[in-house]
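In what follows, a structure is listed as structure tokens, so that the remarks can point back to it.
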Amino acid sequence: MMLSAHDLFAILPELLVVFAACAVLALDPITPSSKKDGLAWLSLGTMAICMGLTAARFGSPTTAFGGLVVIDNYSCFWKLLLYFVTGLTILLSFPYLKEERIYLGEYYGFILLALSGMMVMVSGADLLTIYLGTELMSLSLYVMAGLKRGEAKSLEASAKYFVLGAFSSGILLYGISLLYGSAGSTQLPAIAAAIAGRSLDDPLLLFATILIAVGFSFKLAVVPFHMWTPDVYQGAPTSVTAFMAVASKAASFGAFMRVFVEGLGGVRANWSLMFLLLCIGTLILGNIVALVQTNVKRMLAYSSIAHAGYALIGVVAAGRLAPAEASSAVSSVMLYIALYAFMTFGAFTIIAMLRKGGLEGDEIEDFSGLAKRHPFAALLMMVFMVSLAGIPPTAGFIGKFYVFMSAVQAGLTWLAVLALVFAAISAYFYLRLVMVMYMREPEAVTALSPRFVSSPALSIVLACAIAGVVFFGFYPDPIVNLATQAALTLK
Amino acid sequence: MQSGGFPWLTLLIFLPLAGAAALFFVKETNVRMVALGVTIANLLISLPLWWLFDASSSQMQFAENVVWITSPPIHYHLGLDGISLPLILMTTLLMPLCVAISWRSIDQRVSSFMAMLLIMEGAMIGVFAALDFVLFYVFWEAMLIPMYLLIGVWGGPNRLYAAIKFFLYTLAGSILLLVAILALYFQGGHTFDIVQLSQQAYSPRLQFWLFIAFFAAFAVKVPMFPFHTWLPDAHVEAPTAGSVILASVLLKMGTYGFLRFSLPMLPDASKDFTPMIVALSIIAIVYGAYMALAQADLKKLIAYSSVSHMGFVTLGLFMFNQQGIEGAVMQMVNHGITTGGLFLCVGVIYERTHSRQIADNVGLTKPMPQYATLLVIFSLSSLGLPGTNSFVGEFLVLVGTFLWSKIAAALASIGIILAAAYMLWMVQRVAFGIPSPQQLPKLTDLNRREMATLIPLVVLVFWIGLFPNPILSRMHASVSNVVARATHGPQESPTSTGQITPVVEPVPAPQTVQSMEAPRP
């Protein structure tokens, strides 16, 4: 296959990101430590350019490399979200790395490499392309999780993430090879055509579906494939945790829904049932175990497991609805993840910002009386918590509203009720943090103080996060329309 | 339906919200004045509605309708009828009083406290004015957080427990509400518009499930008998203003929900569930009164009396006749005024003695004659003495109940006897008891601010008690509409189940049940 200008132009954003990553890695050794910020600026600039390129592409779908890569509204939606989150991550890392004394120029290189992997994932229309993207993302994240080299927890996070991640990649690859054996192709449209009318009981197909689902479930941290999440989230540097919790989840959902809705749509009855079970387990475990956490990062890790469960409701609904109606369910998942990005990123930013002594204060007790000492930080954290709990008028409510709506539309009213019961339970642990911040007296020993508050980069990150949570809570129309349009291209 | 007129309701909702935001930029010393100014301005804005309201119409008035979210179609749709009008006015009236009563008793984080009060005001008015189900739900849930903070930050010693309990109870109650709203959307022709949704007929099976879902949300908020346990805790721990808001307005949202949604949208299921609701209401009336009798804490006493009084409201609502429902709406307003007044009284005395125990506040007539007078007036109103506001409401409810079942009416009136018992016993001790000598030496009577807080409510107690007609005449048409919808409704055309049936046109008011049923085939 010859490379054509069309192909290269189609993946221009991906190329730019990879070039920027290489440039950062190449420039790092020759940049004096005082000028390492320049690398961050380079990365940020790339994000801005890519955002413009992708936004311009929205609405004019095309395929490249003989159908291995599709640039449609669906992938553009995810990419825009990914650029946005990556941009925020870079801004947050700016002051955070200084505070943590992690002077590693390659940090930004890894972020960009991970991003390029994610972009390949959401654009891939071929199982191997998607696998390639997944690996690129995962390998970068394994390294990033261990960047706090002095801390045993960070190293443990990295090792755990690597072992389980590699394991899940293996399962995913095994599933892909079985599907190739069954359908005779790795391209999603060809697979869809090959399995159309195939019996749901076809053992090879069933087994392949299960393995691919398991592989993705690891990446999505869906119960019972979630075990790595709390340790990795807690151990990794907070800026990396935020990136993992939001961006890698978005990319995984992007690829995952394309594979199942577009490629394996013919056996939707199979996977819909399977994800229904995973979804229920995820909702139960994520929310219940979060109740007993004493560390905020761990609590948010379990909360992110639970949120994957809520998003899965939309996936299940997409499998239950007729193909013509399924796009509304798909768009509800996209919307959910996009809105989830704002609040989770905001919450992690606050955690990264609050420090006691020279260390990060991430125990729940550390937040005692924060409202008295730093009313603004406490107020923001409260809004993020309220939004995560799904209480209106915040973005979290809007996300839940659309997901539950697609559940009711698909005749899964009982599932919506169940999920809402767990949403009410989740309110307890989100509000416990609010309670600790507002209703407890600050203790001198554990008193937190926001460091690098004056950093403009951090202000921008917090402003973006809170603006997203509040604005889309009050007026979700723009992002709803974007998600709806984007979901329509997924067939 | 009017539209394009002056956006009264939007102004009423967003002025307090804007005020809350503005408080963050106001100097700490001026915060109280600004909050008072905003609430008084809101009261003044709401007053013209009283005169501009067209009492002859059961249609939604002062309507505003703009698209809020395009897909699915969710509208920012506001409007009010004769049922929501008095509730909104009651809310705007009580808020300045809440600010005034917190003037001195709240001395920590004042600006946050006042901001919470203002957010509550906007959300509460929003609930009573919303005509889009999602909008209603947003307002309904939005007030959980400020109330949670009001109890949890500025409350009494056991506030954390009470705040969490309040929050989880009410949140758990409204879980099913959201699902019911979504189910209605798909069954009711893909709309969230309350007016349109209540003009359609739903299958009995769907009605059954929707009723249960609505019931869970509204019964917790009211709170009806087995769901009431959060209320005494929340009341006792909340600061005075919080208790007033909770008792006077938040509890009304539950009964308002029954009236606005359950009865008109689910008439068949409402009828099927009536015996259960009546039983729970009578239990609440008697049990609440009985519990009130046993309380040594003034706030707890009033909290349990609220359970009892709200029992009258739910009882009246499910009588499906003009008298019962009008009595219930009257009682909603009356309970707001009287119980609000009583909680304000408790707040006044708590500021002086730092105790809410009856035993610590005995024989106040000597040191505080004006205070004792007002306390007696509110207590007499609470027990439903003729000439006071509660008499009108309770009387109408009992008349309505009598038409439905004489036994139920007889049982419900036990509550009135018990109310007389607990209120008079409380008054006897607090006002006329013999204080221990070391007690009460330096108690001062009401100051001007406290007077100004309590007097408006006293005026309303007698005004409604002696001339209830201005309020009743404004609600006739709207209540007839609900009654017509709940008694006729889809039953008239059993063949058209599942299809859209036009609403029964508003029956000219006032009507009795018999005359309305007369034209039925």
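Numbers restart at 1 for each chain; the letters A, B, ... are given by sequence-line order, proteins then strands.
- Atom CZ of Phe14(B) is surrounded by more than 12 heavy atoms from other residues, nucleotides or ligands within 6.0 Å.
- Only the side chain of Phe397(A) comes within contact range of chain B, with at least one heavy atom under 4.5 Å from a heavy atom of that chain.
- Closest heavy-atom contact between Ile175(B) and Val421(A): CD1-CA, 3.6 Å.
- More than 12 heavy atoms of other residues, nucleotides or ligands sit less than 6.0 Å from atom OH of Tyr76(B).
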Apply side-chain contact (heavy atoms from CB on, under 4.5 Å) to the pair Trp154(B) and Met439(A), showing each step before the final yes or no. CA-CA 9 Å; Trp154(B) 293 275; Met439(A) 305 170 194; over 6 Å; no
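- The greatest number of non-hydrogen atom pairs below 4.5 Å with chain A, out of Val67(B), Leu149(B), Leu176(B), is found for Leu149(B).
- In terms of heavy atoms, Ile69(B) sits closest to Pro476(A) at CD1-CG, 3.4 Å.
- Under a 3.5 Å cut-off, the side chain of Trp68(B) and the backbone N or O of Phe474(A) do form a donor-acceptor pair.
- The most heavy-atom pairs under 4.5 Å with chain A, out of Pro72(B), Ala183(B), Ala172(B), come from Pro72(B).
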Run Gln108(B) and Lys372(A) through side-chain contact (heavy atoms from CB on, under 4.5 Å) and show every step you take. CA-CA 10 Å; Gln108(B) 293 214 325; Lys372(A) 267 202 185 134; 4.1 Å; yes
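- Using a 4.5 Å cut-off between heavy atoms, Val386(A) touches chain B through its side chain atoms alone.
- Looking at Tyr185(B), the atoms closer than 4.5 Å to chain A (heavy atoms on both sides) all sit in the side chain, from C-beta outward.
- Considering all non-hydrogen atoms of both residues, Thr484(A) and Ser71(B) come closest at OG1-OG, 4.4 Å.
- If you measure heavy-atom distances from Ile391(A) to chain B, the contacts under 4.5 Å come from the side chain alone.
- Applying a 4.5 Å heavy-atom cutoff, none of the residues of residues 120-128 of chain B approach chain A.
- The shortest non-hydrogen separation linking Ala424(A) to Leu171(B) is CA-CD2, 3.7 Å.
- Taking 4.5 Å as the heavy-atom cut-off, the residues of residues 399-414 of chain A that approach chain B are Phe401(A), Tyr402(A), Phe404(A), Met405(A), Val408(A), Gln409(A), Thr413(A), ordered by number.
- Not one N or O on the side chain of Tyr428(A) forms a donor-acceptor pair closer than 3.5 Å with the backbone of Ile164(B).
- Contact of the Leu168(B) side chain with the Leu431(A) side chain is not registered, since no non-hydrogen atoms from C-beta on lie closer than 4.5 Å.
- Phe167(B) touches chain A through its side chain: at least one heavy atom from C-beta onward sits under 4.5 Å away, while N, CA, C and O do not.
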